[in-house]
Amino acid sequence: MAIDSSEVKKVARLARLDIDDSAIAATTATISNILAMVDRMQLVDTQGVPPLAHPLEAIQRLRKDEVSETDQREQLQSCAPAVEEGLFLVPRVIE
Amino acid sequence: MYDKTIAEQSRALTRGELSSVELTQSYLDRIRQFDGDINSYITVTEELALDQARAADERRASGDAGAMTGIPLAHKDLFCTEGVKTSCGSRMLDNFIAPYESTVTARFKDAGAVMLGKTNMDEFAMGSSNENSYYGPVKNPWDKAAIPGGSSGGSAAAVAARLAAGATGTDTGGSIRQPASHCGITGLKPTYGRVSRWGMVAYASSLDQAGPMTRSAEDAAIMLNTMAGFDPRDSTSLEHSVPDYTTTLNDSLEGLTIGLPKEYIAAGLDADVEKQIDRSITEYVKLGAKVKEVSLPNAGLCIPAYYVIAPAEASSNLSRFDGVRFGHRCEDPQDLMDLYLRSRSEGFGEEVKRRIIVGTYALSSGYYDAYYRKAQQIRRLIRDDFLDAFKECDVIMGPNAPTAAFDLGAINNDPVAMYLSDIYTLSVNLAGLPGLSVPVGMANNRPVGLQIIGQHFAEARLLNIGHRLQQVTDWHLQSPALI
């Protein structure tokens with residue numbers, strides 16, 4: 001499946017990545033090469049093969065819904081770029 | 001003593017022939033002398049290491065020591081280490097001081113091991129050459145024109161250059177086995193779920209697995225004894241009993257059936273690498289093993305399947321780096337979208353961005369069935385090929401990589417060529433199997449490793465098989481001549 005530069009830009013935006021206009025052609029070419037390599041998969045007949053998400057087919061372990069961790073807010077916010085009164089600061093979202 | 005194995009160092013510490021402080025200092029001195037050139041460490045924790053060494057010596061004096069007590073290790077810089085920078089080889093985490101400790105490093109701490117520092121790696125573990133690091137490439141100690149392999153290239157180079165007694169690594173698509181092979185050391189990727197992923201910065205969660213990188217298979221067994229085991233904090237950690245991996249190292253190999261996949265001798269396998277692999281298999285025949293041809297018909301599909309599944313999972317995992325809670329934040333964001341876009345675009349390197357874009361595309365509406373679902377179906381075919389092959393053999397042997405280490409800069413501008421070099425390692429991760437690399441010779445004056453693949457939870461057998469070879473060969477004892 002070929003991909004064009006407008007689609008690369010759109011996908012990058014979905015992933016919250018900004019691609020410089022000067023780099024978009026080269027990025028599109030590289031992504032197209034990767035997708036061309038990956039497209040070999042389409043030649044394989046996988047009709048009726050169930051997808052494998054976990055190599056040992058283990059299922060997600062569940063635990064009781066009870067408090068297991070203590071409050072570590074200050075410690076965990078120690079590496080945040082901007083914090084005030086226990087809240088993460090970001091640019092104004094609602095005017 | 002820096003040239004001794006962990007097993008030998010541990011015995012010398014027990015006999016009181018040296019202290020952990022002396023041993024630790026000898027590695028710190030070597031790091032200062034040689035690592036400016038090799039670049040295997042991102043952070044050296046000198047003071048912490050000496051404090052831990054003193055504590056280990058006291059603990060030994062009080063009679064409360066284990067095999068790892070006082071042994072100086074290096075940890076790949078994606079294990080969170082409380083109070084110590086954990087960069088993952090990325091500008092994104094250049095300012096990140098981990099507020100908690102990963103399970104793997106906590107287990108080594110509890111065992112009294114010493115942490116010398118954090119090792120260099122491909123950014124977010126994405127790479128096969130260690131050239132994708134924000135902190136610059138690592139050089140192969142055997143030949144400084146060569147890559148050390150990746151993504152655990154710093155750990156492999158540090159152990160090869162005797163800048164650590166052993167190291168931790170992680171392996172999502174070959175990132176322990178391939179650098180171990182290229183640097184002439186021993187590296188084990190355990191069964192998926194054998195070692196806790198808690199506190200490891202996630203790349204592809206259904207594939208990531210931590211393991212030991214050491215001089216010898218015996219050392220890998222000693223380290224795995226500390227690393228392996230169930231962890232309730234990792235939802236994919238498996239509740240499976242952990243043996244003492246050192247007790248079966250000397251078991252007989254009489255009657256062992258080695259499977260040689262006919263697909264592995266494909267075009268592109270370097271003739272000198274093939275020669276070393278063949279010679280090591282001859283050694284196993286001398287030790288009583290039998291050889292049988294097996295088939296892994298879908299082996300070649302591991303590359304497309306992996307390069308959909310891993311980027312897809314990465315695109316999801318790496319969405320947490322948003323410039324809000326930790327990591328790099330851009331200057332003066334105009335609004336929230338600007339904050340996300342610029343923080344992520346400045347913080348991530350080229351290969352990471354590339355994989356996020358491929359992964360986002362593969363998961364996006366309208367493409368999911370053609371890419372992600374298709375790759376997961378092929379993943380089953382690949383896994384089932386191994387299960388079928390293991391009906392006819394006990395282990396599978398082959399190379400780790402088509403060639404010995406290539407030159408720095410040789411293919412770094414061609415991502416697809418780089419991906420194709422992962423042909424021998426990816427399928428093991430897709431199938432969740434354990435794989436061991438042991439050094440078996442040189443090609444073009446660069447080390448070659450033999451890959452030994454086992455059934456799920458067969459780590460003890462793999463280490464036994466590696467150890468027996470190391471009793472009759474000395475490739476694992478050879479060290480590069482550093483200037």
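All values below were derived from every heavy atom in this structure, side-chain atoms included, with hydrogens, water molecules and symmetry-related copies excluded. Because the structure is a prediction, the values reported are computed rather than measured. Here is how names work: the chains are called A, B, and so on, in the same order as the sequence lines, proteins then strands, and each is numbered from 1.
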Just wondering, do [Y] and [X] contact through their side chains at under 4.5 Å, heavy atoms?
X: Leu341(B); Y: Arg13(A); value: yes
X: Arg379(B); Y: Pro55(A); value: yes
X: Leu35(A); Y: Tyr361(B); value: yes
X: Leu52(A); Y: Asp384(B); value: no
X: Thr30(A); Y: Pro415(B); value: yes

Most chain A-contacting option - heavy-atom pairs closer than 4.5 Å, from [options]:
options: Leu420(B), Ile378(B), Leu430(B); value: Ile378(B)
options: Ile356(B), Val324(B), Val416(B), Asp335(B); value: Val324(B)
options: Pro99(B), Ala98(B), Gly432(B); value: Pro99(B)

Side chain, backbone, both or neither of [X] within contact of chain A (heavy atoms, under 4.5 Å):
X: Arg325(B); answer: both
X: Asn413(B); answer: neither
X: Glu346(B); answer: neither
X: Leu238(B); answer: side chain
X: Glu313(B); answer: neither
X: Phe386(B); answer: neither
X: Arg233(B); answer: side chain
X: Tyr372(B); answer: neither
X: Ser235(B); answer: both
X: Ser319(B); answer: neither
X: Leu339(B); answer: side chain

Check each atom of [X] against the heavy atoms of chain B and say whether the ones under 4.5 Å are side chain, backbone, both or neither.
X: Ala53(A); result: both
X: Glu69(A); result: side chain
X: Val93(A); result: side chain

Handout entry: Flag, side chain of Arg329(B) to backbone of Pro81(A), donor-acceptor distance under 3.5 Å
Key = no
Practice task
Report yes or no: does Arg16(A) contribute a side-chain atom to a donor-acceptor pair with the main-chain N or O of Ser343(B) at less than 3.5 Å?
Solution key: no
Handout entry: CG/Leu43(A): more than 12 non-hydrogen atoms of other groups inside 6.0 Å
Key = yes
